Each structure stands twice: as structure tokens, then as C-alpha cells.
A.B. asks: 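Quick one: the structure is below, questions incoming.
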Amino acid sequence: MKVSILYDSKSGHTREVGEIIKKGIERVDGIEIKCMNIEEIDKEFLDESKGVVFGTPTYLANTTANMKKWLDDSHDINLEGKLASFYATADYIWGGADTAILTLINQIIVKGMLIYSGGAALGKPFIHLGYISVNGVNDKDIDTPMIFGERIGKKVKELF
Ligand SMILES: Cc1cc2nc3c(=O)[nH]c(=O)nc-3n(C[C@H](O)[C@H](O)[C@H](O)COP(=O)(O)O)c2cc1C
């Protein structure tokens, strides 16, 4: 079973958080994971993936133009029926990362993906729309993105 983590990242925060989520998914046996910049995607691996985690920096309280362009241009990639989860990085708690995730959810629904965050249903840590990291990787909170990844891995395995 394969899971792809796709991110946009200029200064590296979103890539770093993706690597931690990857480690969390790796806690679940039998899942192969690739963490890929949207500019260098292994299309065959993505096509075979049952789950896709999208990571975006927050730009002007939204996702990035790069991310939107990738989604606009990815009509040759079949995302239908795969499980989608989201995370965002931002400089400020009030900087609009939730809105960035909501914009991605809006677009991903159109691709026919199934959306999952675990939400508040699994207890603490509550991860509402997706994981959000403020100011890059926060050493005091490696656990939350790891648990987020593990929850995604478990759900992908349960569903597929
Ligand atoms: C053009 C631009 C716009 C940004 N707008 C916001 C914003 O609205 N809110 C916020 O919290 N951070 C904002 N940031 C900060 C980035 O979201 C943050 O540094 C992010 O972690 C960068 O991700 P990266 O290191 O993967 O490129 C902005 C950064 C840039 C370059």
C-alpha cells in the first residue's frame, strides 16, 4: 500500500513537516510513503497511492499559487477515490492556515477524493481541518504531526 505526501515549499518548513508526518505514517506496517515536492512528483507512485497528504505554506491567508496551479494542471492524474488529508505551515497562529486548508479541501472535493483529518473524534490531540505548524517545525510538538500521520496511515489501511 502506498501513500504520497505532496507539498509546495520555498524555504523548507512545509517539506520538513511533511517528513515528520511521513515518520508518523511509517508507524503503521505495510505502507510505503514518498514525500514529494509538487515540482518533482513520481507520477507512477502517486497513481498507485491510496492516500495523498497535501501540504501547503500559507500565503496571504490562503494556499499558494503553485499549489493551485498544480491542481489546475493535474487533470492527467487520477485522484478519484483516494483518501486526502491536509496540513499547512504559517508564520502566525492568526495567519490564515485554516483558510489555506479549506481552499485545498474545496478543490480536492472536485477531484473526487475522500477527505479525512481524524478531527476531534479521536481525542487529543484534536486536529480539526488538518495539522498546522506555525514557524516551521516546533521541537516541542513533534508528537502531533506524528500522531496525525499515524491516524492517516491507519485509516488508509482500514479503507483499502
Ligand atoms: C508571499 C508570502 C505570503 C505569506 N503569507 C502568510 C500569511 O498570510 N500568513 C502567515 O501566517 N504566514 C504567511 N507567510 C509565511 C509562510 O506561510 C511560512 O513561512 C511558511 O511556513 C513557508 O513555508 P515554506 O518554508 O515551506 O516555504 C507568507 C510567506 C510568503 C513568502
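Just so you know, ligand 1 is whichever comes first in the structure, and atom 1 is the first atom listed for that ligand. The structure presented is a predicted model; accordingly, all values stated were derived computationally and were not measured. Numbers here simply count residues along the sequence, with the first being 1.
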A.B. asks: Quick one: do Ser74 and Lys111 satisfy side chain to side chain donor-acceptor pair (under 3.5 Å)? Show the steps, please.
C.D. replies: CA-CA 10 Å; Ser74 65; Lys111 301 278 187 185; 3.2 Å; yes
A.B. asks: Check for me whether Gly96 has a heavy atom closer than 4.0 Å to any atom of ligand 1.
C.D. replies: no
A.B. asks: Given side chain to side chain contact (heavy atoms under 4.5 Å, CB included), test Glu158 with Lys154 step by step and report yes or no.
C.D. replies: CA-CA 6 Å; Glu158 181 190 320; Lys154 282 182 180 161; 5.9 Å; no
A.B. asks: Using the side-chain hydrogen bond (donor to acceptor under 3.5 Å, both in side chains) rule, collect all pairs that involve residues 97-108, keeping only residues at least two apart or in two chains.
C.D. replies: Asn62-Thr103
A.B. asks: Show the atoms of ligand 1 that are less than 4.0 angstrom away from any heavy atom in Gly12.
C.D. replies: 24 (P), 25 (O), 26 (O)
A.B. asks: Would you call Tyr87 and Tyr7 a side-chain contact if the rule is heavy atoms closer than 4.5 Å?
C.D. replies: yes
A.B. asks: Any atoms of ligand 1 less than 4.0 Å from a non-hydrogen atom of Thr14? List them with their elements.
C.D. replies: 23 (O), 24 (P), 26 (O)
A.B. asks: Heavy-atom contacts with Ala61 under 4.0 Å: which atoms of ligand 1 show up? List them by number with element.
C.D. replies: 7 (C), 8 (O)
A.B. asks: Check each atom of ligand 1 against the heavy atoms of Tyr92 and keep those under 4.0 Å away; list them by number with element.
C.D. replies: 10 (C), 11 (O)
A.B. asks: Going by the atom numbers of ligand 1, which of them fall below 4.0 Å from some non-hydrogen atom of Ser9?
C.D. replies: 24 (P), 26 (O), 27 (O)
A.B. asks: Any nitrogen or oxygen of Pro57, side chain or backbone, less than 3.5 Å from one on ligand 1?
C.D. replies: no
A.B. asks: Once you round to the nearest 0.5 Å, how far does CD1 of Ile41 lie from CD of Glu39?
C.D. replies: 9.5 Å
A.B. asks: Can you list the residues that meet the salt bridge (charged side-chain N to carboxylate O under 4.0 Å, His left out) rule with Glu48, with sequence neighbours excluded?
C.D. replies: Lys2
A.B. asks: In ligand 1, which numbered atoms sit nearer than 4.0 Å to a non-hydrogen atom of Lys10?
C.D. replies: 24 (P), 26 (O), 27 (O)
A.B. asks: Minimum distance, heavy atoms only, to atom 18 (C) of ligand 1: which one of Asn135, Asp91, Val134, Leu60 is it?
C.D. replies: Asp91
A.B. asks: Any salt bridge between Glu19 and Lys23, counting N to O under 4.0 Å?
C.D. replies: no
